[in-house]
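When a ligand or atom number is given, it counts from 1 through the structure's own listing order. Values reported hereafter were calculated over all heavy atoms of this structure, with side chains retained and with hydrogens, waters and symmetry mates removed.
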Amino acid sequence: MLEKLKETLARTRKFFAPIEQLLTRNLSQEEILNELFELLILADIGPATSQKIIDGLKQKSRKSGQADLKALLKQELIDILSSEPATVNDVFPAVWLLVGVNGGGKTTSAAKLASKYQSQGKKVMLAAADTFRAAAQEQLVLWGKRLNLPVIQGQTGADPASVVYDAVQSFKARNYDLLIIDTAGRLHTYANLMSELEKIKKVINREIPGAPQEILLVLDSTIGQNAIVQAREFNRFSGLTGVFLTKLDGTARGGSVLAVVEELKLPIKFVGLGETEKDIMEFEPEAFVEALLS
Ligand code: GDP
């Protein structure tokens with residue numbers, strides 16, 4: 001798993017190699033920390049989170065008296081990434097909602113989650129609640145065929161909440177374990193989008209108390225710090241339980257993961273590592289940090 005992660009993070013690792021080199025240089029700790037700040041910014045970690053890392057590192061070094069800055073840095077990064085509880089709420093039956101802007105990887109991520117839990121023996125159903133884009137529905141239907149699982153969809157232009165209602169009825173009637181709902185990522189304004197998502201959530205919760213058990217924000221890691229801006233908009237929608245961070249394989253901006261957790265106070269639960277249904281991992285802070293700095 002570590003090897004796969006390292007390979008996936010190859011482009012991001014290029015920005016962490018200079019950090020590793022710096023930590024072994026024969027400089028004073030103050031000089032190292034000053035340079036480290038610049039390198040963290042270059043690695044797309046963002047100023048606020050970079051500063052937090054420097055402060056944490058100073059504190060750890062003072063407390064422990066330890067001079068191994070690399071070990072301390074690893075621990076600091078793990079502490080930040082573990083600061084939000086990232087355990088997946090995998091009680092079944094469950095309804096999971098995926099939200100996020102178009103192109104971020106929602107449909108692909110829905111298929112990945114479906115495949116993952118299907119391979120664990122769960123009966124999984126998909127619903128296409130993006131009734132604005134016929135193409136989005138078609139894509140999910142294609143995934144359904146490939147994975148051999150049912151996809152509930154509505155007429156183009158139909159009320160997404162009514163498609164979700166139908167999907168939940170079918171889910172209950174057929175005694176499935178997991179319903180994964182793909183939603184629209186584009187409306188004229190975020191306010192409209194958020195109120196639509198609230199309505200969908202209300203419908204689910206009315207039909208199945210306690211659901212949706214997971215509301216995952218799908219974020220594209222290749223857009224780096226812009227992911228934070230996007231996520232702030234979606235954080236206005238109540239009840240996000242975590243992030244599905246996509247396209248880590250294609251990006252040099254994997255460092256933005258740290259800013260996502262630190263600034264949004266949202267745990268990363270899953271990462272996408274490629275375009276097939278198998279390219280998914282549950283996020284583990286220790287493994288991630290080890291892959292970046294080893
Ligand atoms: P949606 O509009 O949010 O539903 O996004 P899609 O699921 O259609 O994905 C947009 C594009 O990103 C597609 O070309 C996907 O194959 C690609 N994609 C999604 N996840 C990943 C990933 O983890 N890695 C890579 N390399 N590509 C991905």
Side-chain angles (χ1 to χ4, degrees), residues 1 4-14 44 96-116 124 126-147 149 151-154 156 160 163-164 167 179-188 190 193-194 196-197 200 214-224 226-227 229-231 233-234 237 240 242-257 260 268-284 287-288 291:
M1 192 182 108
K4 163 93 179 155
L5 252 185
K6 275 188 180 175
E7 206 180 293
T8 299
L9 291 170
R11 295 182 62 197
T12 295
R13 276 165 59 85
K14 289 205 176 119
D44 231 336
W96 292 5
L97 201 56
L98 297 190
V99 304
V101 304
N102 290 341
K106 272 191 311 297
T107 308
T108 313
S109 301
K112 287 175 180 178
L113 288 168
S115 168
K116 177 177 164 68
V124 186
L126 292 166
D130 183 352
T131 53
F132 296 93
R133 292 186 303 165
Q137 300 212 38
E138 283 160 21
Q139 206 198 338
L140 200 65
V141 169
L142 270 181
W143 275 115
K145 284 202 177 115
R146 204 176 307 169
L147 301 173
L149 46 82
V151 180
I152 309 296
Q153 56 174 339
T156 304
V163 178
V164 168
L179 170 63
I180 300 173
I181 302 172
D182 187 13
T183 59
R186 181 211 64 91
L187 280 185
H188 349 290
Y190 271 114
L193 182 55
M194 297 312 130
E196 180 185 297
L197 292 174
I200 288 176
E214 290 281 2
I215 304 177
L216 298 173
L217 173 62
V218 178
L219 277 185
D220 179 347
S221 63
T222 63
I223 62 172
N226 279 334
V229 178
Q230 248 175 38
E233 293 294 338
F234 276 88
F237 167 56
L240 292 181
V243 171
F244 191 132
L245 194 71
T246 63
K247 311 186 197 179
L248 265 185
D249 53 305
T251 186
R253 301 172 143 185
S256 56
V257 171
V260 168
I268 313 263
K269 294 206 170 173
F270 297 96
V271 290
L273 312 168
E275 291 187 282
T276 82
E277 73 271 19
K278 300 288 173 218
D279 296 317
I280 174 174
M281 254 186 212
E282 270 182 53
F283 184 71
E284 288 178 23
F288 185 80

For this session: State whether the side chain of Asn102 and the backbone N or O of Gly185 hold a donor-acceptor pair below 3.5 Å, judged by distance alone.
Result: yes

Seminar exercise, completed: Here the side-chain hydrogen bond (donor to acceptor under 3.5 Å, both in side chains) pairs for residues 243-252, sequence neighbours left out, are Asp220-Lys247

For this session: State the atoms of ligand 1, each with its element, that fall below the 4.0 Å cut-off from a heavy-atom position in Leu273.
Result: 23 (O)

Exercise. What atoms of ligand 1 come within less than 4.0 Å of a heavy atom belonging to Gly272?
Worked result: 23 (O)

For this session: Note the single closest protein heavy atom to atom 22 (C) of ligand 1, along with its residue, its atom name and the distance in Å.
Result: Gly274 O, 3.0 Å

Exercise. Under 3.5 Å, N or O to N or O, is Asp279 touching ligand 1 that way?
Worked result: no

Problem set entry | Heavy-atom side-chain proximity of Thr183 to Val164 below 4.5 angstrom | no

Problem set entry | Validation row: Lys112, Trp143 side chains within 4.5 angstrom (heavy atoms) | no

For this session: Please state whether Ala136 comes within less than 4.0 angstrom of ligand 1, counting heavy atoms only.
Result: no

For this session: Could you find the nearest protein heavy atom to atom 4 (O) of ligand 1 and give me its residue, atom name and distance?
Result: Thr107 OG1, 2.6 Å

Exercise. What is the nearest protein non-hydrogen atom to atom 5 (O) of ligand 1, stated with its residue, atom name and distance?
Worked result: Gly105 N, 3.0 Å

For this session: Give yes if a backbone or side-chain nitrogen or oxygen of Lys247 is under 3.5 Å from a nitrogen or oxygen of ligand 1, and no if not.
Result: yes

Problem set entry | Atoms in ligand 1 flagged as close to Thr108, the criterion being non-hydrogen separation under 4.0 Å | 6 (P), 7 (O), 9 (O), 15 (C), 19 (C)

Exercise. Is the backbone of Ser221 close enough, under 3.5 Å, to the side chain of Arg253 for a donor and an acceptor to pair up by distance?
Worked result: no

For this session: For atom 27 (N) of ligand 1, grab the closest protein heavy atom and report residue, atom and distance to one decimal in Å.
Result: Glu275 CG, 3.3 Å

Exercise. Given Lys112, Lys106, Arg133, which has its nearest heavy atom closest to atom 3 (O) of ligand 1?
Worked result: Lys106

Exercise. Counting only N and O atoms by type, is there a donor-acceptor contact under 3.5 Å from the side chain of Lys106 to the main-chain atoms of Ala184?
Worked result: no

For this session: Give a yes/no on ligand 1: does Val101 have at least one heavy atom closer than 4.0 angstrom to it?
Result: yes

Exercise. Heavy-atom contact under 4.0 Å between Gly103 and ligand 1?
Worked result: yes

For this session: Please identify which atoms of ligand 1 are closer than 4.0 Å to at least one heavy atom of Gln139.
Result: 8 (O)

Exercise. Relative to ligand 1, is Asp249 under 4.0 angstrom through side chain, backbone, both or neither, heavy atoms considered?
Worked result: side chain

Exercise. What residue among Leu113, Val271, Leu217, Leu219 forms side chain to side chain contact (heavy atoms under 4.5 Å, CB included) with Phe244?
Worked result: Leu113

Problem set entry | Summary of salt bridge (Lys or Arg N to Asp or Glu O under 4.0 Å) pairs that have at least one residue in residues 126-145, sequence neighbours excluded | Asp130-Arg133

Exercise. Quick check: does any side chain N or O of Thr8 sit under 3.5 Å from a backbone N or O of Lys4, one acting as donor and the other as acceptor?
Worked result: yes

Exercise. Between Phe283 and Val257, is any pair of side-chain heavy atoms under 4.5 Å apart?
Worked result: yes

Exercise. Would you say Gly250 touches ligand 1, if touching means a heavy atom closer than 4.0 Å?
Worked result: no

For this session: Check whether any N or O atom of Leu248, backbone or side chain, sits under 3.5 Å from an N or O atom of ligand 1, and answer yes or no.
Result: no

Problem set entry | Aromatic plane relationship, Trp96 with Phe270 - under 30° parallel, 30 to 60° tilted, over 60° perpendicular | tilted

Exercise. Do Asp182 and ligand 1 have an N or O pair less than 3.5 Å apart?
Worked result: no

